[in-house]
Chemist: 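Take a look at this one; I'll ask things after.
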Number of protein chains: 2
Amino acid sequence: MELFAEQGFAATTVPEITARAGLTTRTFHRHFADKREVLFADDARVPDFVAVLMESFPPSAEPITLIVEGLRLLIEERFEGRKEALRARRDLVRSDDGLRERDLHKRAVMAEALRTGFLSRGIDPTRAALLAETGVTLMYVSVAEWLDRKDDRKLYDVLLATLETMRAELTQENVPPPAKPIPRTSAR
Amino acid sequence: MELFAEQGFAATTVPEITARAGLTTRTFHRHFADKREVLFADDARVPDFVAVLMESFPPSAEPITLIVEGLRLLIEERFEGRKEALRARRDLVRSDDGLRERDLHKRAVMAEALRTGFLSRGIDPTRAALLAETGVTLMYVSVAEWLDRKDDRKLYDVLLATLETMRAELTQENVPPPAKPIPRTSAR
DNA sequence: TACAGTGATGACACGCGATGTCATCACTAG
DNA sequence: CTAGTGATGACATCGCGTGTCATCACTGTA
């Protein structure tokens, strides 16, 4: 983290890292699959957390309730009280395409854990996928706003507000659009 | 594509590709930023397509209408009629983590284009982010189901059905959950 | 027709990331 | 004291990706 802060992620080599840590590059790659993974190793257990959590809910629980409650626990566990550190981490991830890709991958893994959990609760595949994606979207959008905010609003409260916005957006009755006009643009 | 099909993505080296194509590796990297990009170069213009499209809609258009109509055009442009090719591509992308990461990155870029479009339409940041994420989720979930289906249902029809499912899911009035009990799990 | 400019490619060198393999060493159980 | 185990170091090696310079085809212009 020191080296990344000093000279950026891409400009920092694994040999530099291991030199400062007093190890060899080979040892580094025994602990981290690749250089990017250093910044994401902490999140490795999140999918398990999600899976265990989902099993603990009674079968009667509504999916949305389950998502919101699960995110509430996740927030307590790893977000609340770490705002500054998370901001620094976000900025670092933003600065490098490779890191952004890995971040998105972690997000997808979490969505997959959610989807699997819904499947074993007997929810049909498409609905499960949709719920999973909606859940991570809710989380990521809320976290983004929370990190941007300068007040002390709780992440959980931001999340509930985001959910309301989401709901309001979709509730409007303006779905089936026409099927002809519309300008033409070349995308190929 | 021949080599990837024969021996998989990871096992195929850039020298192998350029040898079969009659070029050098240096030339390869002048056309593609990296090896993975070969499979995604076709999508490079999608963000522009999205941006231009969004500007072409009247300011009065509802965001959801805009998303659905935009996706309808995108579907006509690059999905309908290419089902088998898209299935093969999906399977290849699924087979490699690196490719999955790049795929997610492209998805994020599209979301970003959508978000920017909404911003310049005067929509507030959080709502814009939410709409953008919802839009790509709608697209990806629908495409996934469409590719899984064995019937000839149109992608656009699948998409409308997905949107209805999404709406139904969020419309239920079971939001603010309690805030105390719930089991405990270690995620650290 | 000659010539300068432009763009694509080849040739070469190089650094870094990542992995396989074997040796070494600290630690532990019996 | 010994055998086993796990972490690490020491090499060696491969593939990816980039910087640099030379070459060649093509184009517009005098």
Side-chain angles (χ1 to χ4, degrees), chain A residues 1-45 47-48 88-109 186 188, chain B residues 1-45 47-48 89 91-109 186 188:
Chain A
M1 294 304 296
E2 291 169 10
L3 287 165
F4 292 158
E6 288 169 16
Q7 51 193 17
F9 178 80
T12 302
T13 68
V14 175
E16 282 174 340
I17 298 172
T18 56
R20 183 168 301 194
L23 294 172
T24 63
T25 63
R26 192 65 189 84
T27 300
F28 177 92
H29 283 105
R30 283 197 186 94
H31 289 270
F32 306 102
D34 56 57
K35 184 177 145 191
R36 287 174 283 164
E37 197 62 17
V38 183
L39 288 162
F40 298 92
D42 273 356
D43 301 337
R45 291 203 191 93
D48 283 342
R89 187 175 175 287
R90 177 200 59 178
D91 292 341
L92 187 58
V93 171
R94 267 187 186 166
S95 73
D96 183 275
D97 271 353
L99 290 177
R100 284 180 42 184
E101 290 193 358
R102 179 57 49 86
D103 190 49
L104 292 165
H105 183 70
K106 296 298 178 182
R107 169 177 168 163
V109 169
S186 63
R188 181 124 211 174
Chain B
M1 292 305 296
E2 291 169 11
L3 287 166
F4 292 158
E6 288 169 16
Q7 51 192 16
F9 178 80
T12 303
T13 68
V14 175
E16 283 173 341
I17 297 172
T18 54
R20 182 166 303 193
L23 294 172
T24 63
T25 64
R26 192 65 190 86
T27 300
F28 177 92
H29 283 106
R30 283 196 186 95
H31 290 269
F32 306 103
D34 56 56
K35 185 177 142 189
R36 287 173 284 164
E37 198 62 17
V38 182
L39 287 162
F40 298 92
D42 273 356
D43 302 337
R45 292 203 191 94
D48 282 342
R89 187 175 176 285
D91 293 341
L92 188 57
V93 171
R94 267 188 186 165
S95 72
D96 184 275
D97 270 353
L99 291 177
R100 284 181 44 185
E101 290 192 358
R102 180 58 49 84
D103 190 49
L104 292 165
H105 183 70
K106 296 300 178 181
R107 170 178 167 163
V109 169
S186 62
R188 179 120 211 174

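The figures that follow rest on heavy atoms only: side chains count, while hydrogens, waters and symmetry mates do not. In what follows, chains are A, B, ... by sequence order, proteins preceding strands, each numbered from 1.
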Chemist: For A:Met1 and A:Leu39, run side chain to side chain contact (heavy atoms under 4.5 Å, CB included): C-alpha distance rounded to whole Å, both residues' side-chain angles, the deciding distance at 0.1 Å, then the answer.
Modeler: CA-CA 9 Å; A:Met1 294 304 296; A:Leu39 288 162; 3.4 Å; yes
Chemist: In the structure I gave you, are the side-chain heavy atoms of A:Leu3 and A:Ile17 within less than 4.5 Å of one another anywhere?
Modeler: yes
Chemist: For B:Gly98, answer base if it contacts any base atom (sugar-phosphate contacts may also be present), sugar-phosphate if it contacts only those atoms, and nothing otherwise; contact means non-hydrogen atoms under 4.0 Å.
Modeler: nothing
Chemist: Please list all pairs passing the salt bridge (charged side-chain N to carboxylate O under 4.0 Å, His left out) test where one or both residues lie in residues 1-12 of chain B, with sequence neighbours left out.
Modeler: B:Glu2-B:Arg20, B:Glu6-B:Arg20
Chemist: Residues of residues 11-18 of chain A with any non-hydrogen atom less than 4.0 angstrom from an atom of DNA chain C: list those, numerically ordered, please.
Modeler: A:Thr12, A:Thr13, A:Val14, A:Pro15
Chemist: Rounding to a whole Å, what distance do you find between A:Arg26:CZ and C:dC25:P?
Modeler: 19 Å
Chemist: Taking all heavy atoms of A:His105 and all of B:Leu104, pick out the closest pair and write down the distance.
Modeler: CA-CD1, 3.6 Å
Chemist: Quick check for you: among D:dG9, C:dG20, C:dG10, whose closest atom lies nearest to any side-chain atom of B:Thr24?
Modeler: C:dG10
Chemist: Are A:Glu37 and A:Lys106 close enough, and set up right, to give a side chain to side chain contact (heavy atoms under 4.5 Å, CB included), and what steps lead you there?
Modeler: CA-CA 10 Å; A:Glu37 197 62 17; A:Lys106 296 298 178 182; 2.9 Å; yes
Chemist: Using atom CG of B:Asp96 as one end and atom P of D:dG15 as the other, report the distance to the nearest whole Å.
Modeler: 16 Å
Chemist: Does B:Thr27 make a side-chain N or O approach to OP1 or OP2 of C:dG10 shorter than 4.0 Å?
Modeler: yes
Chemist: Is it true that B:Arg89 and B:Asp43 have a side-chain N and a carboxylate O under 4.0 angstrom from each other?
Modeler: yes
Chemist: Do A:Val14 and A:His29 make a side-chain contact, defined as non-hydrogen atoms from C-beta onward lying under 4.5 Å apart?
Modeler: yes
Chemist: Test your reading of the model: is there a side-chain donor-acceptor pair from B:Arg102 to the backbone of B:Phe40, 3.5 Å cut-off?
Modeler: no
Chemist: D:dG17 P sits how many Å from B:Arg102 CZ, rounded?
Modeler: 9 Å
Chemist: Going by heavy atoms closer than 4.0 Å, what residues in residues 29-37 of chain B are next to DNA chain C?
Modeler: B:Arg30, B:His31
